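Before any comments, here is the structure.
It should be emphasised that the depicted structure is a prediction, and the values quoted were computed from it without experimental measurement.
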Amino acid sequence: MPKDKPLVVLTRRLPEGIEARMAELFRLERNETDAALDAEGLAARMARAEVLVPTITDRIDADLIARAGPQLRLIANFGNGTDNIDVPAAMKRGITVTNTPGVLTEDMADFTMAMMVAVSRRLVEGAKVIPAGQWQGWSPGWMLGRRIHGKRLGIIGMGRIGLAVARRARAFGLQVHYHNRRPAAKRIEEEVQATYWDSLDRMLARMDIVSVHCPHTPATFHLLSARRLKLMKEDAFLINTARGGIVDTEGLIECLEQGSLAGAALDVFEHEPAVNPRLVALANAGKVLLLPHMSSSTVESRNEMGEKVIINIKTFTDGHMPPDRVLVLPGS
């Protein structure tokens, strides 16, 4: 095998076609078991990799980066975000970091709307009734959910995914509201007829549904704190497909247990894959919809993510700036 091909090390198995292309272009080392690696497993691979391809569940912190071999020059993340990587530490070591932005937008937005309908109309509860042999026939007052048409949707984070959700929400007859650090462009507000709220607190208190789409950063950790969750209406629903750490889990559980929130649909969790047992109990009681981080799980998205990883690696190893390089500005 030619020595001029860079050693690319995968932390998890990727789609078969993507791995096949990588094997043609690079010297490829797979994780044959597809088991999540611990810190020592990651350190061992970073000691020999020229290019590391981690996933969003691999925590590449400053300590691991300090222990990396001098030949490691690129961390090509298989994921939209990079909150799993200490990018400033990588930059200090001269290691470039890339991600795969823009690939998941439509799939995430589709799934968000599915969750919104599912939790408000009790679809998961209803789907269990017939297989369990519990259906006694139609009744006027049985399995009542909540209409979403005409309701107020508050979007936290009007980026690519937030905007895609807003477009779908308008088709469902929802009124679109949003909170950002700054207002979106006027053309975007006009397109989806969106109302901007500079105060998250005031927006939360007025919404029927709140959907989280901001990135996970130190500034957004527990952005939806226990105090803020208590501002929401008793008949409101919370949807989270972003990151679990943006929502205070204990605060959310208290609201659901006390009945100060109608329900929630969660696809992400603070300490996943661990899920708080109290959340599981609430799911069994029909108070919350829990899904296993699958909002971006389509064949198309995984293949497109892999293609972006390949392009970033090939561009970098050919001596050019990769298109999806992640930069952190001083003081950010």
Side-chain angles (χ1 to χ4, degrees), residues 108 110-136 138-156 165 169 172 174 200-201 203-214 222-295 297:
M108 294 282 290
D110 287 346
F111 202 83
T112 298
M113 293 306 301
M115 291 175 70
M116 206 178 295
V117 174
V119 70
S120 61
R121 294 299 303 275
R122 305 174 66 182
L123 295 190
V124 173
E125 289 177 81
K128 295 176 181 177
V129 172
I130 294 176
Q134 297 173 346
W135 193 38
Q136 302 300 315
W138 181 86
S139 171
W142 186 69
M143 200 60 78
L144 300 183
R146 297 272 184 174
R147 175 188 299 163
I148 68 170
H149 184 275
K151 299 294 174 57
R152 292 185 173 196
L153 169 65
I155 295 173
I156 301 176
V165 170
F172 275 73
L174 285 154
L200 177 57
D201 286 7
M203 186 183 82
L204 290 173
R206 298 291 301 278
M207 298 299 112
D208 301 300
I209 303 168
V210 172
S211 192
V212 182
H213 300 287
C214 59
H222 282 191
L223 179 67
L224 288 183
S225 61
R227 178 190 68 79
R228 281 191 165 131
L229 290 166
K230 290 175 182 175
L231 297 175
M232 293 178 65
K233 297 161 58 176
E234 287 188 4
D235 58 354
F237 295 93
L238 175 68
I239 316 295
N240 187 12
T241 58
R243 286 290 189 270
I246 298 171
V247 178
D248 181 340
T249 302
E250 293 295 326
L252 175 61
I253 289 171
E254 286 184 15
C255 288
L256 292 168
E257 288 178 342
Q258 295 168 5
S260 61
L261 197 61
L266 310 174
D267 187 50
V268 288
F269 307 92
E270 277 199 76
H271 307 293
E272 58 183 72
V275 178
N276 191 303
R278 291 164 67 194
L279 274 178
V280 175
L282 286 163
N284 290 331
K287 296 292 186 181
V288 61
L289 170 61
L290 306 179
L291 294 167
H293 203 145
M294 54 186 285
S295 53
S297 298

Are any of the side-chain nitrogens in R227 or D201 under 4.0 Å away from the carboxylate oxygens of its partner?
yes
So do V117 and F172 actually touch side chain to side chain, heavy atoms under 4.5 Å?
yes
Heavy-atom pair with the smallest gap, counting every atom of M207 and A236
O-CB, 3.6 Å
Heavy-atom closest contact (C214 atom, I246 atom, distance)
O-CD1, 3.3 Å
Salt bridge or not between K287 and E257? Use side-chain N to carboxylate O under 4.0 Å.
no
At what distance, to the nearest 0.5 angstrom, does CZ of R122 lie from CG of L144?
7.0 Å
Check: W142 and Q136 side chains under 4.5 Å, non-hydrogen atoms:
no
Of all heavy-atom pairs linking A242 and V268, the shortest is O-CG1, 3.7 Å
Can you check whether R243's main-chain N or O pairs, donor with acceptor, with N240's side chain at less than 3.5 Å?
yes
Does any N or O in the side chain of E270 come within less than 3.5 Å of the main-chain N or O of T249, such that one atom is a donor and the other an acceptor?
yes
Distance from M115 atom CE to L290 atom CG, nearest 0.5 Å?
9.0 Å
Any donor-acceptor pair under 3.5 Å from D248 side chain to L224 backbone:
no
Please answer whether the main-chain N or O of I155 pairs with a side-chain N or O of S211 as donor and acceptor at a distance below 3.5 Å.
no
Do N276 and E250 have side-chain N/O donor and acceptor atoms under 3.5 Å apart?
yes
Please say which of I209, D208, V210 ends up in a side chain to side chain contact (heavy atoms under 4.5 Å, CB included) with R152.
D208
Over all heavy atoms of both residues, which pair between A274 and F269 is shortest? Give the atoms and the distance, please.
O-CB, 4.2 Å
Could you pull out the closest heavy-atom pair between L223 and R228, with the gap in Å?
O-NH1, 3.0 Å
In short, L153 meets A169 closest at the heavy-atom pair CD2-CB, 3.6 Å
